[in-house]
2 protein chains.
Amino acid sequence: MKSLKQMDRGALSDALDHAGQRTTPQREMVFSVLLDERNHPTADEVYTRTKSRMPTISMATVYNCLEALVTCGLVKQVNIEREPTRYCPNLSPHAHFHCRETGRVYDVPVPEGMMKDLVKVLPGNYSADSVELVFRGHLEKGKTK
Amino acid sequence: MKSLKQMDRGALSDALDHAGQRTTPQREMVFSVLLDERNHPTADEVYTRTKSRMPTISMATVYNCLEALVTCGLVKQVNIEREPTRYCPNLSPHAHFHCRETGRVYDVPVPEGMMKDLVKVLPGNYSADSVELVFRGHLEKGKTK
DNA sequence: ATTTGATTTAGAATAATTCTAAACTATGTT
DNA sequence: AACATAGTTTAGAATTATTCTAAATCAAAT
């Protein structure tokens, strides 16, 4: 898909607007790239993909756009073991699985409410606004996905 | 505490030995530093603390020692949001809490078996050997710890 | 004693990310 | 419409944690 669906375009400008930021062609393109292939790309990968559709974009702009998208809440950063930051447009609560063999990261759906329940292990004076759950291991032979 | 307790010294050389590595004064000192003040120091902080007791040690050696300790299983790396890697000698299953205000990281004890139970959310073909659970937020006024 | 291999060390190299300052773009105001 | 203002993009420099390199040191084993 080469461009943003109307729905996503709307969500994007709403979210940017709400954060006091402008909707620009670069931001639309980067967002589109993220929605298009949701395999947790790094900034560098996002740069390569975006550049193929918008050859004049710079690495700095890709970082700027990603930051804007994170700030306005449409994208989440995924950090695994000090590897380069990956970007994920999946906003529903989920965990991550990191395959040691391929290095790939997979979203893992979790039962409704589970992420919230986890917070209950915290002592009373700890107030958490985010919960991250990351598994590491390998995929059994068979499925690739 | 300036030096390793006999118990820890034994655990250290056993573990190093088991991994085919030698017990050296630098490794003992770095391990001692980690056991001494368990506030998830970064390599840089470990370097500073170790240097105060062993002024000739180098940064490279600190990294080497930390890597040796991680490899032989006595220490775990804790990575939060692409910040510098922290080192933690707490081997019992636990979660982490990252305070956005102070940047500090706290160990959070979890109910027996909980970390293992979390693995059950994974699809059958996902085989996890490690589970990481990180909360981010802030500490309510009152206790500092 | 000598060889062998591991370890330590200082400093160079790497790599992801952030910063800087100039050019560009869009928006709102008269 | 012209202009001021503020936000955005851009290339390249700077930063920073970490890894690499190669020489020096050390320790164990022949």
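Both backbone and side-chain heavy atoms feed into the values below; hydrogens, waters and symmetry mates do not. Per chain, numbering begins at 1; letters A, B, ... match sequence-line order.
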Reading nucleotides 8-19 of chain C 5' to 3', which nucleotides get B (base under 4.0 Å from a protein heavy atom), which S (sugar-phosphate only), which -?
BBB-----SBB-
Could you state the CG-P distance from A:Leu69 to D:dT9, rounded to the nearest angstrom?
10 Å
Considering the options A:Arg22, A:Lys5, A:Arg9, which one meets the salt bridge (charged side-chain N to carboxylate O under 4.0 Å, His left out) requirement together with A:Glu28?
A:Arg9
Do A:Leu133 and A:Met115 make a side-chain contact, defined as non-hydrogen atoms from C-beta onward lying under 4.5 Å apart?
yes
A:Gln26 pairs by side chain to side chain contact (heavy atoms under 4.5 Å, CB included) with which of A:Thr61, A:Thr56, A:Thr50, A:Val62?
A:Thr61
Measure the distance from CG on A:Asp17 to P on C:dA26 and round it to the nearest whole Å.
16 Å
Euclidean distance, atom CG of residue B:Leu66 to atom C1' of D:dT18 [Å, nearest integer]:
12 Å
Nearest whole angstrom, please: distance from the C1' of C:dT27 to the CZ of A:Arg22.
6 Å
Donor-acceptor list for residues 93-101 of chain B side chains, cut-off 3.5 Å, not counting sequence neighbours:
from: B:His94; atom 1: ND1; to: B:Ser92; atom 2: O; distance (Å): 2.6
from: B:His94; atom 1: NE2; to: B:His96; atom 2: NE2; distance (Å): 3.1
from: B:His94; atom 1: NE2; to: B:Asp107; atom 2: OD1; distance (Å): 3.2
from: B:His96; atom 1: NE2; to: B:Asp107; atom 2: OD1; distance (Å): 3.1
from: B:His98; atom 1: ND1; to: B:Arg136; atom 2: NE; distance (Å): 3.1
from: B:His98; atom 1: ND1; to: B:Arg136; atom 2: NH2; distance (Å): 3.2
from: B:His98; atom 1: NE2; to: B:Gly103; atom 2: O; distance (Å): 3.4
from: B:Arg100; atom 1: NE; to: A:Asp129; atom 2: OD1; distance (Å): 3.2
from: B:Arg100; atom 1: NE; to: A:Asp129; atom 2: OD2; distance (Å): 3.1
from: B:Arg100; atom 1: NH2; to: A:Asp129; atom 2: OD1; distance (Å): 2.4

Length of the line joining A:Leu16:CG and D:dT8:C1', which is rounded to integer Å
12 Å
If we ignore hydrogens and angles and just use 3.5 Å, is the side chain of B:Arg82 paired with the main-chain N or O of A:Glu83 as donor and acceptor?
yes
Expressed as a whole number of angstroms, how long is the span from B:Glu28:CD to C:dT7:P?
14 Å
Any chain of hydrophobic side-chain contacts (each under 4.5 Å) joining B:Met59 to B:Val70?
yes
